[in-house]
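See below for the structure under consideration.
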Amino acid sequence: VHLVESVGGLVQAGGSLTLSCAASGRTSNIYTMEWFRQAPGRERESVATIRWSGGSTDYADSVKGSFTISRDIAKNTLFLQMKSLRPEDTAVYYCYTKVVGYTIEGRFEFDYWGQGTQVTVSS
């Protein structure tokens with residue numbers, strides 16, 4: 001599976017930005033998709049997760065109420081709508097997917113990452 005993220009950008013504090021991530025390849029085996037972010041000097045952290053088939057979501061406490069993860073199954077595209085952005089949301093944002101399937105040899109599971117996109121929130 002190949003993941004291509006939209007370009008991030010520079011946003012003023014309090015502003016909004018929506019990221020997208022287009023998946024291609026063996027998308028029929030997508031199990032979950034997730035947004036991670038990594039700020040300078042910090043570890044990569046999960047921001048939001050969505051189950052591809054059922055659509056259930058989960059969010060990091062730091063973004064609950066301000067970020068919304070969604071997907072368009074027909075277009076194999078993941079979205080992250082970010083509102084009320086704060087300078088501490090500044091980071092490189094990564095799209096991630098877990099692919100799960102079964103063959104005659106058993107269950108397989110692979111992880112794929114996008115290239116990352118910079119989001120900068122100015123104060």
Side-chain angles (χ1 to χ4, degrees):
V1 174
H2 187 54
L3 303 174
V4 178
E5 295 144 355
S6 59
V7 176
L10 173 64
V11 184
Q12 287 191 333
S16 301
L17 185 67
T18 297
L19 302 178
S20 65
C21 173
S24 60
R26 297 195 65 173
T27 57
S28 60
N29 290 111
I30 290 177
Y31 180 65
T32 60
M33 291 196 77
E34 196 164 350
W35 288 99
F36 283 78
R37 68 184 180 187
Q38 187 167 19
R42 303 191 66 175
E43 292 186 357
R44 192 173 298 188
E45 62 172 351
S46 175
V47 173
T49 304
I50 188 165
R51 283 281 298 271
W52 197 246
S53 61
S56 60
T57 59
D58 192 26
Y59 296 91
D61 289 341
S62 59
V63 304
K64 282 181 180 177
S66 56
F67 287 15
T68 302
I69 189 172
S70 63
R71 86 277 195 242
D72 184 331
I73 293 178
K75 296 182 179 180
N76 293 317
T77 302
L78 178 73
F79 301 96
L80 183 67
Q81 184 180 39
M82 305 181 288
K83 296 181 179 179
S84 303
L85 285 162
R86 305 168 297 174
E88 49 264 46
D89 293 317
T90 295
V92 177
Y93 283 72
Y94 296 90
C95 176
Y96 159 88
T97 187
K98 180 180 293 293
V99 169
V100 177
Y102 295 86
T103 69
I104 193 170
E105 297 177 350
R107 185 178 186 274
F108 66 84
E109 184 176 310
F110 295 108
D111 300 329
Y112 298 93
W113 292 89
Q115 78 281 7
T117 187
Q118 177 69 47
V119 173
T120 303
V121 184
S122 62
S123 57

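- In this structure a side-chain-to-backbone donor-acceptor pair under 3.5 Å is missing from Thr27 to Ser24.
- Here the closest non-hydrogen pair linking Met82 and Val119 is CE-CG2, 4.1 Å.
- Listed for the Thr77 side chain is a donor-acceptor partner under 3.5 Å among the backbone atoms of Lys75.
- Put simply, the side chain of Arg37 does not reach to within 4.5 Å of the side chain of Arg44, judged on heavy atoms.
- Here Arg86 pairs with Glu88, Asp89 under the salt bridge (charged side-chain N to carboxylate O under 4.0 Å, His left out) rule; sequence neighbours left out.
- By the rule that hydrophobic residues join a cluster once side-chain heavy atoms approach within less than 4.5 Å of another member, Trp52 and Phe110 end up as members of one cluster.
- Taking Ile, Leu, Val, Met, Phe, Trp and Tyr as members and joining any whose side-chain heavy atoms lie under 4.5 Å apart, directly or through other members, the hydrophobic cluster of Phe36 also contains Val92, Tyr94, Tyr96, Trp113.
- Taking both residues in full, the closest heavy atoms of Leu17 and Gly9 are given as CD2-N, 4.1 Å, listed atom of the first, atom of the second, then distance.
- Leu78 pairs in a side-chain contact (heavy atoms from CB on, under 4.5 Å) with only one of the listed residues (Leu19, Thr97, Ile30, Ile50), which is Ile50.
- The shortest heavy-atom contact between Asn29 and Gly101 is ND2-CA, 3.8 Å.
- Annotation: the span from Ser123 atom OG to Leu85 atom CG amounts to 13.0 Å, rounded to 0.5 Å.
- Within a 6.0 Å radius of CZ in Phe108, more than 12 heavy atoms belonging to other residues, nucleotides or ligands are found.
- The distance from atom CG of Leu80 to atom OG of Ser20, rounded to the nearest 0.5 Å, is 10.5 Å.
- Glu109 meets the salt bridge (charged side-chain N to carboxylate O under 4.0 Å, His left out) test with Lys98, Arg107; sequence neighbours excluded.
- Here the straight-line distance linking atom OG of Ser66 with atom NZ of Lys83 works out to 10.0 Å at 0.5 Å rounding.
- Scored by the salt bridge (charged side-chain N to carboxylate O under 4.0 Å, His left out) test, Lys64 finds Asp61 as partners (sequence neighbours excluded).
- Residue Gln115 qualifies as enclosed at atom CD: its count of foreign heavy atoms under 6.0 Å is above 12.
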Worksheet entry | Criterion side chain to side chain contact (heavy atoms under 4.5 Å, CB included) on Gln118 and Thr90, from CA distance to verdict | CA-CA 8 Å; Gln118 177 69 47; Thr90 295; 3.9 Å; yes

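- Residues Glu34 and Ser46 approach most closely at OE2-OG, 2.5 Å, considering heavy atoms.
- Taking CZ of Arg51 as the reference point, atom OG of Ser56 lies at 5.5 Å (rounded to 0.5 Å).
- Taking all atoms of both residues into account, the shortest heavy-atom contact from Met33 to Leu3 is CE-CD2, 3.8 Å.
- Listed by first then second residue, pairs satisfying ring pair (Phe, Tyr, Trp, His ring centres under 6.0 Å) with a partner in residues 54-93 number zero, not counting sequence neighbours.
- Formation of a donor-acceptor pair under 3.5 Å by the Arg71 side chain with backbone atoms of Ser53 is found in this model.
- Checked by atom type and distance alone, the side chain of Thr117 pairs as donor or acceptor with a backbone atom of Ser6 at under 3.5 Å.
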Practice prompt. Let me see the working for Leu10 and Ser122 under side chain to side chain contact (heavy atoms under 4.5 Å, CB included), right down to the final yes or no.
Written response: CA-CA 7 Å; Leu10 173 64; Ser122 62; 4.2 Å; yes

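- The list of salt bridge (charged side-chain N to carboxylate O under 4.0 Å, His left out) pairs with a residue in residues 9-20, not counting sequence neighbours, is empty.
- Considering OG of Ser70 and CD of Gln81, their distance stands at 7.5 Å, rounded to 0.5 Å.
- Heavy atoms only, all atoms of each residue included: Gln38 and Ala91 are closest at O-CB, 3.4 Å.
- Contact check for Ile69 versus Trp35: side-chain heavy atoms found under the 4.5 Å cut-off.
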